[in-house]
Amino acid sequence: MLIELAEEFRDYAHRGGQVFVSTHSPDFLNGVELEEIFYLVKKNGFTTVRRASDIELLRNLVDEGDLPGSLWKQRLFEGVGFR
């Protein structure tokens with residue numbers, strides 16, 4: 001159902017709506033495109049927003065067939081691309 005929910009949110013956004021989802025669910029991440037994923041990183045007391053598609057390693061792995069949720073579970077979003 002999470003993948004269907006992600007599709008509904010995407011359809012709504014394409015019709016002009018705005019959608020912001022906060023989740024810790026890797027299964028939900030599997031229903032969205034890498035370009036649609038933003039995540040927060042806290043470093044030295046400051047929080048920044050990162051775009052998953054800006055990280056070359058993640059783009060390459062998704063292009064090879066990996067799902068964003070499984071990459072999240074492998075902790076590949078952490079510490080990649082913003083050292």
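Below, all heavy atoms of this structure are taken into account, side chains as well, without hydrogens, waters or symmetry copies. Numbering of residues begins at 1 and proceeds along the displayed sequence.
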**Request:** Looking only at non-hydrogen atoms, find the nearest pair between S25 and L2 and report the distance.
**Result:** OG-CD1, 3.5 Å
**Asked** Do the side chains of L67 and L29 get nearer than 4.5 Å, heavy atoms only?
**Response** no
**Prompt:** F28 versus F9: any side-chain heavy-atom pair under 4.5 Å?
**Reply:** yes
**Prompt:** To the nearest 0.5 Å, what is the distance between CG (L71) and CG (D66)?
**Reply:** 5.0 Å
**Asked** If every non-hydrogen atom of A6 is compared with every non-hydrogen atom of G31, which pair is closest and at what distance?
**Response** CB-O, 3.4 Å
**Request:** Indicate if V21 and F77 have the same hydrophobic cluster label, given that clusters are the connected sets of ILVMFWY residues with side-chain heavy-atom separations under 4.5 angstrom.
**Result:** yes
**Prompt:** Is T47 close to V41 at the side-chain level, that is, under 4.5 Å between some pair of heavy atoms?
**Reply:** no
**Request:** To the nearest 0.5 Å, tell me how far Y39 OH sits from R51 CZ.
**Result:** 11.5 Å
**Item:** Flag side-chain contact, heavy atom, 4.5 Å: L40 against T48
**Value:** no
**Request:** Treat each ILVMFWY residue as a node, draw an edge where side-chain heavy atoms are under 4.5 Å apart, and state whether L57 and V62 are in one component.
**Result:** yes
**Item:** Contact check, side chains of V32 and P68, non-hydrogen atoms, under 4.5 Å
**Value:** no
**Request:** Any pair with a residue in residues 11-38 that passes salt bridge (Lys or Arg N to Asp or Glu O under 4.0 Å), sequence neighbours left out, goes on the list, sorted by first then second residue, please.
**Result:** R10-E36
**Request:** Kindly compute the distance separating CG (N60) from CD1 (I55), expressed to the nearest 0.5 Å.
**Result:** 11.5 Å
**Asked** Is any side-chain heavy atom of I37 closer than 4.5 Å to a side-chain heavy atom of S53?
**Response** no
